[in-house]
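Working notes for the structure below.
Since the model is a prediction, treat every value here as computed from it, not as a measurement.
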Amino acid sequence: MITTKITKPRGRPAKLDREKAAEAAMRLFWQKGYDSVGVAELSEVIGVKPPSLYAAFGNKVGLLREAAALYARRDGRFVADVAPLAASADVLLSGVLKAAAEAYTIDPETRGCLILDGTRNSADVEARTEMWRLRQSTRDYLAAEFARVDADAPEALAEYTLVCMTGLSGSARDGVDRETLLSCAALMAAGRA
């Protein structure tokens, strides 16, 4: 009988690149939803063993937190890019909804919004709470922007905007095309009056 001894390479394992790990996790969570992505899949895509993943991020929710923060800084930045340019509530609402419809359809593999849809129907309360916190942060930002342009009921308008964005995101994930979403965004903006 011939036996082959498998030896592990000596030295330390490759250092984890947190930014690349967060990006890989972001794409998976965005594509599949939080509950549909396992630690084994995350570890494989990131290129580390599960203990290294846990050592770096604490748990799967910790990785989601960093992935969502990356999404907010990069792919979800359209809200912060568009809102300060608006001079009225109507322009603010229509600009954000139009930008959302466009952003949610850029990449056919990652449609919709990670923050609004990444933990939809998740069984993980901690993950849902984390995304709810980010949603509320966006709501607070929008409320401040609506107040800046002297809108009546800025809090209600911020909530309305997020409800509309959630509808656009879910529809994008379901495969609704950009032109239809843009038409719907315009109707949503016009319908608040």
Side-chain angles (χ1 to χ4, degrees), residues 14-82 96-139 141 161-185 188:
K15 186 176 179 184
L16 176 75
D17 182 328
R18 290 183 78 87
E19 185 84 5
K20 285 184 181 178
E23 176 152 8
M26 177 187 76
R27 289 192 63 81
L28 280 176
F29 291 142
W30 200 357
Q31 288 169 345
K32 297 181 171 189
Y34 179 81
D35 284 5
S36 296
V37 178
V39 172
E41 183 178 14
L42 286 165
S43 296
E44 183 179 327
V45 168
I46 292 169
V48 297
K49 299 218 180 285
S52 296
L53 193 72
Y54 285 116
F57 298 101
N59 58 20
K60 186 177 163 187
V61 173
L63 182 52
L64 173 66
R65 187 176 299 115
E66 286 204 33
L70 176 62
Y71 173 87
R73 284 192 314 271
R74 198 179 70 191
D75 301 278
R77 175 116 185 109
F78 66 88
V79 174
D81 289 342
V82 170
V96 168
L97 294 181
K98 178 183 181 219
E102 291 171 346
Y104 297 163
T105 55
I106 288 173
D107 183 343
E109 291 184 20
T110 54
R111 294 175 62 90
C113 176
L114 173 63
I115 292 169
L116 297 175
D117 276 319
T119 58
R120 183 176 304 280
N121 300 321
S122 174
D124 189 317
V125 173
E126 188 180 359
R128 284 195 328 262
T129 300
E130 187 63 31
M131 294 302 98
W132 183 256
R133 184 187 64 74
L134 291 171
R135 180 198 185 278
Q136 293 305 96
S137 176
T138 302
R139 182 193 171 285
Y141 174 78
T161 305
L162 276 168
V163 167
C164 292
M165 288 170 67
T166 302
L168 293 169
S169 176
S171 296
R173 289 182 68 82
D174 287 343
V176 175
D177 64 90
R178 177 178 285 185
E179 291 309 312
T180 301
L181 290 179
L182 286 167
S183 295
C184 290
M188 290 169 176

Taking C-beta and beyond as the side chain, do [X] and [Y] meet within less than 4.5 Å on heavy atoms?
| X | Y | answer |
| --- | --- | --- |
| M26 | L114 | yes |
| M165 | V79 | yes |
| M188 | L168 | yes |
| L64 | M131 | yes |

Working to the nearest 0.5 angstrom, can you tell me the gap between [X] [atom1] and [Y] [atom2]?
| X | Y | atom1 | atom2 | answer |
| --- | --- | --- | --- | --- |
| F57 | L63 | CZ | CG | 5.0 Å |
| E41 | K32 | CD | NZ | 3.0 Å |
| D75 | L70 | CG | CG | 7.0 Å |

Taking [X] for the side chain and [Y] for the main chain, is one N or O donor matched with an acceptor at less than 3.5 Å?
| X | Y | result |
| --- | --- | --- |
| T105 | A101 | yes |
| S43 | V39 | yes |
| K60 | Y54 | no |

### Among V163, L162, T138, side chain to side chain contact (heavy atoms under 4.5 Å, CB included) partner for L116
L162
## Note on the structure
Tightest non-hydrogen contact, residues A127 and Y34, listed as CB-CE2, 3.5 Å
### Task
State, to 0.1 Å, how close A99 and F78 come at their nearest heavy-atom pair, and which atoms those are.
CB-CD1, 3.6 Å
### Message
With side-chain hydrogen bond (donor to acceptor under 3.5 Å, both in side chains) as the rule and sequence neighbours excluded, what pairs involving residues 168-177 come up?
### Response
D117-S169, D177-T180
#### Entry: Pair R27 + D107, salt bridge at N-O below 4.0 Å
yes
### Query
Of all residues at least two apart in sequence or in a different chain, which pass the side-chain hydrogen bond (donor to acceptor under 3.5 Å, both in side chains) check with Y104?
none
### For R74, all residues meeting side-chain hydrogen bond (donor to acceptor under 3.5 Å, both in side chains), sequence neighbours excluded
E23
